[in-house]
Asker: 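My structure is below; once you've seen it, I'll send some questions.
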Amino acid sequence: MDLTQILINLVGGALGGAGAGKAVPQFDMGTILNAIAGAVGGGVLGQLITALAPSILAAAQQGNLSVGGIVSNVIAGGAGGAILQLIIGMIKNSMAK
């Protein structure tokens, strides 16, 4: 596992979490918490996608991660970040009531 790939997943997740928080205001926890939740979600989903997509893993291990591989990592990280941020936001709102 390449550190660059993990960083791409974390950054993509943080951006996805921040974007999801702003897109769905009732689950917004603030920019920093949205980004943290997103980074965790992006890291987790990014690792799962890499494990399930052998071509991305092979390219990363050979050190020639292509633009397509980077884009897929950003998308996977962003999606994971958005999903986890929304789940945490829903839980936080339900506990506050």
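For reference, positions follow the sequence shown, starting with 1.
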Asker: Restricting to pairs with a member in residues 36-45, which pass salt bridge (Lys or Arg N to Asp or Glu O under 4.0 Å), not counting sequence neighbours?
Answerer: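 Pairs touching residues 36-45 that pass the test: none.
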Asker: Treating Ile, Leu, Val, Met, Phe, Trp and Tyr as nodes and any side-chain heavy-atom pair under 4.5 angstrom as an edge, say whether Met95 and Ile87 lie in one connected cluster.
Answerer: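 Yes, same cluster.
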Asker: Considering all heavy atoms of both residues, which atom of Asn34 and which atom of Phe27 are nearest to each other, and what is their separation?
Answerer: OD1-O, 4.4 Å
Asker: Mind checking whether Met90 and Val24 sit in one hydrophobic cluster, side chains of I, L, V, M, F, W, Y counted as touching below 4.5 Å?
Answerer: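 Yes.
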Asker: Hey, could you give me the CD1/CD1 distance between Ile83 and Ile88, rounded to the nearest 0.5 Å?
Answerer: 12.0 Å
Asker: Please list all pairs passing the salt bridge (Lys or Arg N to Asp or Glu O under 4.0 Å) test where one or both residues lie in residues 72-93, with sequence neighbours left out.
Answerer: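 For residues 72-93, and leaving out neighbouring residues, there are no salt bridge (Lys or Arg N to Asp or Glu O under 4.0 Å) pairs at all.
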Asker: Locate the shortest heavy-atom distance separating Gly43 from Leu10; write the atom from each residue and the value.
Answerer: CA-CD2, 3.9 Å
Asker: Tell me the salt bridge (Lys or Arg N to Asp or Glu O under 4.0 Å) pairs involving residues 20-37, sequence neighbours left out?
Answerer: Lys22-Asp28
Asker: Is Val40 linked to Leu33 within one hydrophobic cluster, defined over Ile, Leu, Val, Met, Phe, Trp and Tyr using a side-chain heavy-atom separation of less than 4.5 Å?
Answerer: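 Both belong to a single hydrophobic cluster.
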Asker: If you look at every heavy atom in Gly17 and Gln85, which pair is closest and at what distance?
Answerer: O-CG, 3.5 Å
Asker: Can you find a heavy atom in the side chain of Leu84 that is under 4.5 Å from one in the side chain of Val44?
Answerer: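 Sidechains of Val44 and Leu84: no contact.
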